[in-house]
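What follows is one structure encoded as structure tokens, with my remarks underneath.
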Amino acid sequence: GAVVSQHPSWVICKSGTSVKIECRSLDFQATTMFWYRQFPKQSLMLMATSNEGSKATYEQGVEKDKFLINHASLTLSTLTVTSAHPEDSSFYICSARYRGGETQYFGPGTRLLVL
Amino acid sequence: AQTVTQSQPEMSVQEAETVTLSCTYDTSESDYYLFWYKQPPSRQMILVIRQEAYKQQNATENRFSVNFQKAAKSFSLKISDSQLGDAAMYFCAYKRRGGADGLTFGKGTHLIIQP
């Protein structure tokens with residue numbers, strides 16, 4: 001149980017375009033989903049927290065207008081990287097937790113390469 | 001703000017031996033959760049073990065156990081009978097109880113298993 005999927009697993013895009021990444025909880029309802037970013041050989045850094053039906057909460061230093069997060073249902077959250085630039089290239093990982101739960105279950109991640 | 005410190009960038013152990021990974025944290029909260037996550041080369045984050053701060057008993061999961069010292073704010077992971085499949089990055093993480101917070105991660109320890 002507690003399976004989280006992400007799509008796509010790999011994406012290459014041109015600078016200036018937008019990219020959408022989906023995060024789905026497959027066998028539970030995720031009241032809260034989280035988006036992390038991981039640079040090579042580094043740890044995970046929390047970007048934002050999204051609760052179903054409400055606006056996302058962004059961590060300090062994360063541009064809200066660049067990283068648009070939508071948590072439209074209890075099983076789906078999306079991260080849209082707008083006007084992507086090469087410095088946005090990274091590994092993006094989502095996680096989800098169910099109501100009242102303290103453990104986060106992670107998706108397999110999405111590698112983004114902006115050319 | 002809470003911080004998590006992993007002072008061992010890399011550890012090496014012989015197959016079938018025991019290894020201990022260190023983690024210390026800093027928080028002003030009294031009730032929280034601590035986690036160890038494993039990230040193999042696939043980069044999928046896998047929960048290894050979880051400890052609730054209000055529980056004095058150390059958590060165990062098969063070959064994995066923790067030494068939780070609340071007063072010292074220390075949370076080490078012991079892996080017994082190390083196996084080749086244990087080779088991965090190991091991240092220590094913190095979350096305060098009850099909030100819709102994301103996880104605060106340490107920088108990770110790269111565990112190498114020598115056959």
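A, B, ... follow the sequence lines: proteins, then strands. Residue 1 opens every chain.
- Under the 4.5 Å side-chain criterion, counting only non-hydrogen atoms from C-beta, B:Glu15 is not in contact with B:Gln83.
- A heavy-atom distance below 4.5 Å is found between the side chains of A:Gln104 and B:Tyr37.
- For the residue pair B:Tyr32 / B:Tyr54, no side-chain donor-acceptor distance below 3.5 Å is found, with atom types taken as modelled.
- Checked for salt-bridge contact, B:Arg97 and B:Glu29 miss the test: no charged N lies under 4.0 Å from a carboxylate O.
- Salt-bridge check for B:Arg96 with B:Asp31: failed, with every basic side-chain N at 4.0 Å or more from each acidic carboxylate O.
- Around the NZ atom of B:Lys78, the shell of radius 6.0 Å holds no more than 12 heavy atoms that belong to other residues, nucleotides or ligands.
- Of the atoms belonging to B:Leu103, heavy atoms from both backbone and side chain fall under 4.5 Å from chain A.
- Interface remark: B:Arg50 contributes side-chain atoms only to the contact with chain A (heavy atom separation under 4.5 Å).
- Pairing each heavy atom of B:Gln51 with each of B:Phe75, the nearest pair is CB-CE1, 3.4 Å.
- For B:Glu52, no part lies under 4.5 angstrom from a heavy atom of chain A.
- Within residues 64-93 of chain A, the residues having any heavy atom under 4.5 Å from a heavy atom of chain B are, by residue number, A:Phe91, A:Ile93.
- Looking at heavy atoms from C-beta onward, B:Leu21 lies in side-chain contact with B:Met11 at the 4.5 angstrom threshold.
- At a 4.5 Å heavy-atom cutoff, the contact between A:Leu46 and chain B is made by side-chain atoms alone.
- Between A:Tyr36 and A:Phe34, the two ring planes are tilted [angle within 30° to 60°].
- Between the side chain of B:Gln8 and the backbone N or O of B:Ser22 there is at least one donor-acceptor pair closer than 3.5 Å.
- Within a 6.0 Å radius of CD in B:Glu10, other residues, nucleotides and ligands contribute more than 12 heavy atoms.
- A:Thr32 and A:Asn51 share a side-chain donor-acceptor pair at under 3.5 Å.
- Most heavy-atom pairs under 4.5 Å with chain B: of the set A:Ala48, A:Ser95, A:Gly107, this distinction falls to A:Gly107.
- Between the side chains of B:Tyr25 and B:Thr5, not a single donor N or O lies within less than 3.5 Å of an accepting N or O.
- Contact annotation for residues 104-115 of chain B against chain A (heavy-atom separation below 4.5 Å, listed by residue number): B:Phe105, B:Gly106, B:Lys107.
- With a 4.5 angstrom heavy-atom cutoff, A:Glu59 does not touch chain B via any of its atoms.
- Interface remark: A:Thr49 contributes side-chain atoms only to the contact with chain B (heavy atom separation under 4.5 Å).
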